[in-house]
Asker: 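Let me give you the structure first, and then I'll get to my questions.
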Amino acid sequence: LRHVRVAGDAAKRDQARREAVDTAVTKGSRVFDHAFGDGVVLAVFKKSCRVQWDRSGSVFARDKIYLRPLGRGGGII
């Protein structure tokens, strides 16, 4: 049995990703999301961030597992 998934594997993977993003994202940081594009973080919560998206101007929370921090030059870190 090679490709067996145990209950909790996905949750552990997601939490590890959130912790990695949490170290690089703070209020005012620029982030990228494949669904919504670039945006600015307005607030940081335990599992999500409230982001104002550049393309639409909309503001809503997005889970940290979907966000990628942007560097100063605009590239994904």
Side-chain angles (χ1 to χ4, degrees):
L1 299 173
R2 294 183 194 170
H3 302 289
V4 175
R5 292 185 184 212
V6 178
D9 283 351
K12 288 178 188 175
R13 183 186 67 237
D14 290 348
Q15 186 58 35
R17 178 67 191 148
R18 284 185 193 105
E19 290 171 2
V21 170
D22 209 25
T23 61
V25 173
T26 59
K27 184 176 178 180
S29 297
R30 301 225 12 109
V31 293
F32 173 78
D33 181 283
H34 284 286
F36 302 104
D38 295 347
V40 178
V41 175
L42 301 178
V44 179
F45 305 110
K46 183 178 177 181
K47 292 185 177 183
S48 64
C49 294
R50 185 179 305 133
V51 181
Q52 181 170 14
W53 304 103
D54 295 345
R55 194 179 310 159
S56 65
S58 299
V59 176
F60 56 90
R62 188 76 167 143
D63 195 315
K64 290 179 183 176
I65 62 174
Y66 301 117
L67 300 177
R68 303 292 180 259
L70 291 176
R72 292 194 182 268
I76 298 173
I77 296 175

Asker: Taking C-beta and beyond as the side chain, do Val51 and Val31 meet within less than 4.5 Å on heavy atoms?
Answerer: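 They are in side-chain contact.
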
Asker: Quick check on Arg50: does its CZ atom have over 12 non-hydrogen neighbours (other residues, nucleotides or ligands) under 6.0 Å away?
Answerer: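 No - once you tally the heavy atoms of other residues, nucleotides and ligands closer than 6.0 Å, there are 12 at most.
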
Asker: Rounded to the nearest 0.5 Å, how far apart are CD of Glu19 and NZ of Lys64?
Answerer: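 The NZ atom of Lys64 is 9.5 Å from CD of Glu19, to the nearest 0.5 Å.
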
Asker: Taking Lys47 for its side chain and Ile65 for its backbone only, find out whether a donor-acceptor pair lies under 3.5 Å.
Answerer: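 Judged by distance alone, no pair lies under 3.5 Å.
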
Asker: Looking only at heavy atoms, which two atoms of Gly57 and Gln52 are closest? And how far apart?
Answerer: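 In this case the closest contact between Gly57 and Gln52 is O-NE2, 3.7 Å.
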
Asker: Looking only at non-hydrogen atoms, find the nearest pair between Lys46 and Arg18 and report the distance.
Answerer: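 Result for this residue pair: O-CD, 4.5 Å.
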
Asker: Please answer: with hydrophobic residues joined when any side-chain heavy atoms are less than 4.5 Å apart, are Val25 and Val40 in the same cluster?
Answerer: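 Shared cluster, no.
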
Asker: Do other residues, nucleotides or ligands put more than 12 heavy atoms under 6.0 Å from Phe36 CZ?
Answerer: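 More than 12 heavy atoms, drawn from other residues, nucleotides or ligands, come within 6.0 Å of this atom.
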
Asker: Can you confirm whether Leu67 sits close enough to Cys49 that some side-chain heavy atom of one is under 4.5 Å from a side-chain heavy atom of the other?
Answerer: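 Contact flag for Leu67/Cys49 side chains = yes.
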
Asker: Any idea which heavy atoms bring Ala35 and Arg55 closest together, and the distance?
Answerer: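 Residues Ala35 and Arg55, closest heavy atoms: O-NH1, 4.2 Å.
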
Asker: Measure across Ser29 and Ala24 and return the closest heavy-atom pair with its distance rounded to 0.1 Å.
Answerer: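 Smallest heavy-atom distance, with atoms named: OG-O, 4.0 Å.
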
Asker: Look at the rings of Phe60 and Trp53 and say which category their plane angle falls in: under 30° parallel, 30 to 60° tilted, over 60° perpendicular.
Answerer: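 Ring orientation of Phe60 relative to Trp53: tilted.
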
